[in-house]
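The structure appears right after this line, and notes come after that.
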2 protein chains.
Amino acid sequence: MTTAYKLGGRVWIEGPEGTFLGYGRVTLLERIRQHGSISAAARSMQMSYLRAWKLVDSMNRQGRQPLVEKSTGGRGGGGARLTETGERSIELFWSAYRDFQQFLQQRSGPLQG
Amino acid sequence: MTTAYKLGGRVWIEGPEGTFLGYGRVTLLERIRQHGSISAAARSMQMSYLRAWKLVDSMNRQGRQPLVEKSTGGRGGGGARLTETGERSIELFWSAYRDFQQFLQQRSGPLQG
DNA sequence: TGGCGTTATATTCCGAAAAATATTACGGTA
DNA sequence: TACCGTAATATTTTTCGGAATATAACGCCA
């Protein structure tokens, strides 16, 4: 048996200012849903709060409506939660992502180098 | 009319040590064919010779056979030319690349965010 | 034998991106 | 009013990949 090559790749959804949704961004959204705050979500995936905040900000600015609703102060210091748009965005990306993975799988077969 | 999102992405062919063929690498191969040397190819695409040399080395090591044949010294200082494997590798990548572009195009349509 | 332009390789330098750090604002609660 | 943990934002520090620089080896030719 000889070495097998395979097709690799990445996909993302592009918005007005570049990347809108990608693997990392959507994973972050899911963590926010799970943990209820940007900071807890960031911690849970070894991401700095600053980076997470910027990603959320970028997504909120590019979405037709905000994907994440944030509140500051109050009991627990505040938090963040997904909007309906946020939920739909997650689905939107994973759907395209799944199709892409299938494409990669199928297209890896005919790679006779 | 609302803002249109579209699907973006990249593909590459993976070999034993990671990326084997990608857009930049294959473009480099074509430039080597065109110019007859690694250094001239690199210059023609604003790439440093060092970087170009490393890419060629990586491809040669990962291919079943070398993609680029190099000679040192002599009239003109030496040079480089594509092997038959190199030619076939270019085709191999562009073929997958074209299919991927088509996938992106088609899959961008159903992006109703 | 010296010159040329290439391949080959080591080493230093640099800038941009990421990480780390610091500070302020916020608004419930005790 | 003091405290807490968060959001929000500015600033400094670190890291790391690429660029730049330097040098040797090679082999033909004048």
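Look at CE on A:Met47: it is 14 Å from C1' on C:dA17, rounded to the nearest Å. Regarding A:Arg31, its CZ atom lies at a distance of 16 Å from the P atom of D:dT6, rounded to whole Å. Rounding to whole angstrom units, NZ of residue B:Lys54 and C1' of C:dT11 are separated by 11 Å. Rounded to an integer number of Å, the gap from A:Leu55 CG to D:dA7 C1' is 15 Å. Between the OH atom of A:Tyr49 and the C1' atom of C:dA22 there is a distance of 14 Å, rounded to whole Å.
For the OP1/OP2 pair of C:dT9 and a distance below 4.0 Å, the side-chain nitrogens and oxygens of B:Arg51 include no atom meeting the criterion. Taking only side-chain nitrogens and oxygens, B:Lys70 comes nearer than 4.0 Å to OP1 or OP2 of C:dA8. OP1 or OP2 of D:dA7 lies within a sub-4.0 Å distance of a side-chain N or O belonging to A:Ser39.
Checking D:dA19, C:dT6, D:dT9 against the side-chain heavy atoms of B:Ser37 singles out C:dT6 as nearest. Among C:dT9, D:dA10, D:dT6, the nucleotide with an atom closest to any side-chain atom of B:Trp53 is C:dT9. In this structure, of D:dT6, D:dG18, C:dA19, it is C:dA19 that holds the atom nearest to the side chain of A:Ser48. Candidate nucleotides D:dA8, D:dA10, C:dT6 were compared by shortest atom distance to the side chain of A:Leu50, and D:dA10 ranks first. For A:Arg75, the side-chain atoms get nearest to C:dT29 when compared with the rest of C:dT7, C:dT29, D:dT9.
The CZ atom of B:Phe93 sits 11.5 Å away from the CZ atom of B:Phe20 when rounded to the nearest 0.5 Å. In this structure, A:Asp99 CG and B:Leu7 CG are separated by 9.0 Å, a value rounded to the nearest 0.5 Å.
Using the six-membered ring where Trp is involved, A:Phe103 and B:Phe103 have ring planes that are parallel, under 30° apart on the 30 and 60° scheme.
For the pair A:Gln46 and A:Thr72, nearest-nucleotide mapping onto DNA chain C gives the more 5' position to A:Gln46. The nearest heavy atom of DNA chain D to A:Arg43 and to B:Gly74 marks one nucleotide each, and the one closer to the 5' end goes with A:Arg43.
Not a single donor-acceptor pair under 3.5 Å links the side chain of B:Thr83 to the backbone N or O of B:Glu69. For the pair A:Glu30 (side chain) and A:Ile90 (backbone), a donor-acceptor distance under 3.5 Å is absent.
At the heavy-atom level, B:Arg81 lies nowhere under 4.0 Å from the strands shown.
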